[in-house]
Amino acid sequence: MKSYAAVDLGASSGRVMVGRVGPESLELTEAHRFPNRPVRVPEGLRWDILSLYGGILDGLRAAGAHCGGRLDSVGIDSWAVDYGLLDADGALLGNPVHYRDTRTQGVAEKVWATVPAAELYAATGLQYAPFNTLYQLVAARSSAQLAHASRLLLIPDLLTYWLTGEAGTELTNASTTQLIDPRTRDWSHDVAARLGIDLELFAPLRRPGDPAGLLQQRVLDETGLTGPVPVTAVGSHDTASAVAAVPAVGNERFAYICTGTWSLAGLELEAPVLTEASRSANFTNELGLDGTVRYLRNIMGLWLLQECVREWGSPDLSILLREAAEVPPLRSVVDAGDATFLAPGRMPSRISEACRDSGQPVPESPAEITRCILDSLALAHRRAIREAESLADHPVDVVHIVGGGTRNALLCRLTADACGLPVVAGPAEAAALGNILVQARAHGQVGDRASMRELLVRTQPLERYEPRGTTAAWQAAEARLAGR
């Protein structure tokens with residue numbers, strides 16, 4: 001048995017998980033959890049990166065206590081696209097900007113005037129999202145921070161740098177910047193040059209499983225760990241780690257939905273899909289483990305419910321979901337991918353307004369709004385998977401839901417009904433498990449991707465949901481939402 005620490009950072013919380021891995025065993029324990037509270041300052045919305053780093057140190061200390069002071073490796077994954085800028089001395093130039101900050105409003109149109117949207121997609125395969133790193137860098141072009149920056153590190157790479165003193169850019173996360181060519185798995189030099197983006201700002205590329213340095217002595221002193229402790233590059237985009245932990249078996253033709261603040265619904269492919277039809281459908285080609293492509297669509301996800309629950313004063317979620325299950329299905333639905341819902345605040349009112357504007361019954365009670373959200377997410381899952389199948393010419397027999405949404409039985413059941421396909425739910429901690437398995441593989445304990453997934457099937461609790469009835473009502477709701 002060996003012990004690995006997975007630092008897994010989400011948009012609302014972070015955690016350090018300890019994975020104990022043996023030939024036939026995989027045990028996961030939460031060592032420490034801490035909040036991730038973005039802060040609105042006069043300049044805009046910022047990540048509190050120092051608080052996150054402090055939480056990581058506390059977590060490594062707790063992980064060491066759990067493992068007798070010895071860890072065999074550490075790996076970090078987080079959300080995508082955001083970054084920190086360092087000066088020539090390696091010091092951070094201000095707190096990283098949050099992807100929900102408004103600085104990128106209207107920037108895409110400026111970019112497309114230089115590199116038309118169709119050319120940008122053909123070169124990078126990335127869906128349009130207003131917060132992609134490329135748009136953030138163009139928005140920051142005239143800023144003092146960027147002018148004085150000598151290095152740009154994506155969030156997990158920045159935290160790895162603070163732990164080890166070694167800088168790198170992990171590839172799965174780099175592929176979300178809209179500056180990587182998914183065919184060559186290297187930088188798109190032409191796109192960067194045309195937009196005046198200096199790729200020398202980025203540290204050399206790393207791939208999942210590559211060594212990322214050793215914990216510095218000061219980190220060992222602060223955490224009580226016994227060195228040397230290697231840090232291993234994992235799929236540092238949390239979705240890459242989560243997809244690595246999809247418990248697919250054999251030659252199963254599967255789709256996945258990584259659920260949490262976002263729903264990422266799509267397929268694992270061997271090559272990108274760069275057609276105009278794919279661009280029009282707003283599918284993205286991000287890189288995964290072993291040269292795979294995560295062909296997926298971003299859906300607003302449980303963010304919609306999280307924001308409502310926050311506004312309602314954090315009621316008991318189990319009671320709310322039980323009441324939502326009693327609300328008539330598909331009474332009202334909204335487009336769960338609509339950027340209207342991207343910003344925080346007034347979410348219940350905005351959902352009600354969207355229903356009113358589309359001529360549907362207006363949900364009023366928390367249970368009605370919750371059912372509207374879950375029906376809408378299931379409908380968005382259905383649409384994304386069906387379109388991905390068609391665009392990639394890749395049939396699907398089963399849907400795997402991983403991440404926090406696996407704990408929401410109603411959402412899993414509705415997704416099975418909407419897709420007309422069986423849903424296998426679990427594991428809930430997919431990102432942390434994928435993180436740990438890549439570390440274990442790098443240290444010779446696990447074999448290929450199939451072996452990783454077989455170990456998950458043998459050791460993790462999974463729930464299967466069979467579809468009920470036909471998909472006719474879901475087809476009708478889809479047509480109603482499209483105005484047909």
For residues Arg100 and Pro38, determine if any side-chain heavy atom of one lies less than 4.5 Å from a side-chain heavy atom of the other. no
Where do Leu60 and Leu225 come nearest, in terms of heavy atoms and distance? O-CD2, 4.0 Å
Taking 4.0 angstrom as the limit, do Arg458 and Glu24 come out as a salt bridge? yes
Do the non-hydrogen side-chain atoms of Gln439 and Leu71 ever get within less than 4.5 Å of each other? no
Thr259 side chain vs Val402 backbone, donor-acceptor pair below 3.5 Å: yes
pair Leu171-Arg185: side-chain heavy atoms closer than 4.5 Å: yes
Asp221 and Arg218 ion-paired at < 4.0 Å: no
Checking Thr471 side chain against Trp474 main chain: does a donor-acceptor pair fall under 3.5 Å? no
Side-chain (Thr169) to main-chain (Leu205) donor-acceptor, under 3.5 angstrom: no
Give me the ring orientation class for Tyr4 and His443: parallel if the planes are under 30° apart, tilted from 30 to 60°, perpendicular past 60°. tilted
Trp79 and ring pair (Phe, Tyr, Trp, His ring centres under 6.0 Å): which partner among Trp303, Trp262, Trp47, Phe131? Trp47
Give, for atom CG of Asp72 and atom NZ of Lys2, the distance between the pair rounded to the nearest 0.5 Å. 5.5 Å
For the pair His400 and Phe254, name the ring-plane relationship: parallel under 30°, tilted 30 to 60°, perpendicular over 60°. perpendicular
Taking the side chain as everything from C-beta on, heavy atoms only, tell me whether Ile401 gets closer than 4.5 Å to Tyr465. no
Taking Gly125's backbone N and O only, do any of them form a donor-acceptor pair with Asn285's side chain (distance below 3.5 Å, no angle check)? yes
Tell me, do Thr284 and Leu264 make a side-chain contact under 4.5 Å, heavy atoms counted? no
Looking at side-chain heavy atoms only, is the closest gap between Leu159 and Leu9 below 4.5 Å? yes
Evaluate the side-chain proximity of Asp186 to Asp181: yes if any heavy-atom separation is below 4.5 Å, no if none is. no
Check whether any side-chain N or O of Ser175 sits under 3.5 Å from a backbone N or O of Leu287 as a donor-acceptor pair, and report yes or no. yes
Looking at Leu330, is its backbone amide N or carbonyl O close enough to the side chain of Asp375 to form a donor-acceptor pair, meaning the two atoms are under 3.5 Å apart? yes
Carboxylate-amine/guanidinium contact Arg453 Glu252, below 4.0 Å: no
May I ask you to decide whether Arg382 forms a salt bridge with Glu389, counting only side-chain N to carboxylate O separations under 4.0 Å? no
In terms of the angle between their ring planes, are Phe202 and Trp187 parallel, tilted or perpendicular, with boundaries placed at 30° and 60°? tilted
From the list Asp77, Asp8, Asp238, side-chain hydrogen bond (donor to acceptor under 3.5 Å, both in side chains) partner of Asn435 resolves to Asp77
Closer than 4.0 angstrom, basic N to acidic O: yes or no for Glu307 and Arg310? yes
Less than 4.5 Å apart, side chain to side chain, heavy atoms only: is that true for Trp162 and Ile56? no
What heavy-atom pair brings Cys308 and Ile351 nearest, and what distance separates the two atoms? SG-CD1, 4.0 Å
